[in-house]
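Inspection log for the structure reproduced underneath, given as structure tokens.
The model shown is predicted, which means the values in this text are computed figures rather than measured ones. Counting begins at 1 with the first residue of the sequence.
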Amino acid sequence: HVFQPRPERWLSKLGGRVKTWKRRWFILTDNCLYYFEYTTDKEPRGIIPLENLCVKATEDSRKLNCFDLYSPNSSNGHTIKACKTVTDGRVVEGNHRFYRISATSREERDEWIKSIR
């Protein structure tokens, strides 16, 4: 078993309600994807459990090197079971049918997809 360094990278994430791209520090560990506003943050801004999610490379007109995290059941309008911290510190359930994430390069995108699978 080759030891894989834990992926930690700046990636851009498309918002669920407000469709804007935000740069977040992502860490993949224990089959969860955590994202932080800053590398120094102790508490993640959001947690995406990867257990029942699929991942695929995707094209986006505004960003290059994107991949989507989605639930195979999302056609029934299921939102992904994830949580995030809102500005006043409350933890709420995320509102994503899918997560669209953009890496800095094609290679990096492919690395993330491989790590998540």
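The side-chain contact (heavy atoms from CB on, under 4.5 Å) test applied to Thr87 returns no partner, not counting sequence neighbours. With sequence neighbours left out, the side-chain contact (heavy atoms from CB on, under 4.5 Å) criterion links Thr40 to Tyr38. For the side chain to side chain donor-acceptor pair (under 3.5 Å) test, no residue two or more places apart in sequence or in another chain qualifies with Asn31. Asp30 meets the salt bridge (charged side-chain N to carboxylate O under 4.0 Å, His left out) test with no other residue; sequence neighbours excluded. Qualifying ring pair (Phe, Tyr, Trp, His ring centres under 6.0 Å) partners for Tyr35, counting only residues two or more places apart in sequence or in other chains: Phe26. Residues forming a ring pair (Phe, Tyr, Trp, His ring centres under 6.0 Å) with Tyr99 (at least two apart in sequence, or on another chain): His96.
A distance of 8.5 Å separates CD1 in Ile48 from CD1 in Ile116, rounded to the nearest 0.5 Å. For the atom pair CD1 of Ile101 and CG of Leu69, the computed distance is 4.5 Å after rounding to the nearest 0.5 Å. Summarising the geometry, atom CD belonging to Glu111 is positioned 11.5 Å from atom CZ belonging to Arg109; distances are rounded to the nearest 0.5 Å.
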For this session: Mind running side-chain contact (heavy atoms from CB on, under 4.5 Å) on Arg24 and Phe36 for me, showing each step along the way?
Result: CA-CA 6 Å; Arg24 294 286 181 255; Phe36 300 79; over 6 Å; no

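Contact check for Leu28 versus Trp112: side-chain heavy atoms found under the 4.5 Å cut-off.
Screening residues 36-47 for salt bridge (Lys or Arg N to Asp or Glu O under 4.0 Å) gives Glu37-Arg45 as the qualifying pairs, with residues at least two apart or on separate chains.
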Would you be so kind as to tabulate the donor-acceptor pairs closer than 3.5 Å made by side chains of residues 12-21, with sequence neighbours excluded?
residue	atom	partner	partner atom	Å
Lys19	NZ	Gly15	O	3.4
Lys19	NZ	Gly16	O	2.8
Thr20	OG1	Lys22	NZ	3.4

Kindly list each side-chain donor-acceptor pair under 3.5 angstrom involving residues 49-67, sequence neighbours excluded, with atom names and distances?
residue	atom	partner	partner atom	Å
Asp60	OD1	Arg62	N	2.8
Asp60	OD1	Lys63	N	3.4
Asp60	OD2	Arg100	NH1	2.9
Asn65	OD1	Arg106	N	3.3
Asn65	ND2	Thr104	O	3.4

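Other residues sharing a hydrophobic cluster with Val92 under the 4.5 Å side-chain heavy-atom criterion for ILVMFWY residues are Val86.
Under a hydrophobic-cluster definition in which Ile, Leu, Val, Met, Phe, Trp and Tyr are linked whenever side-chain heavy atoms come within less than 4.5 Å, directly or via other members, Trp10 and Ile47 are assigned to the same cluster.
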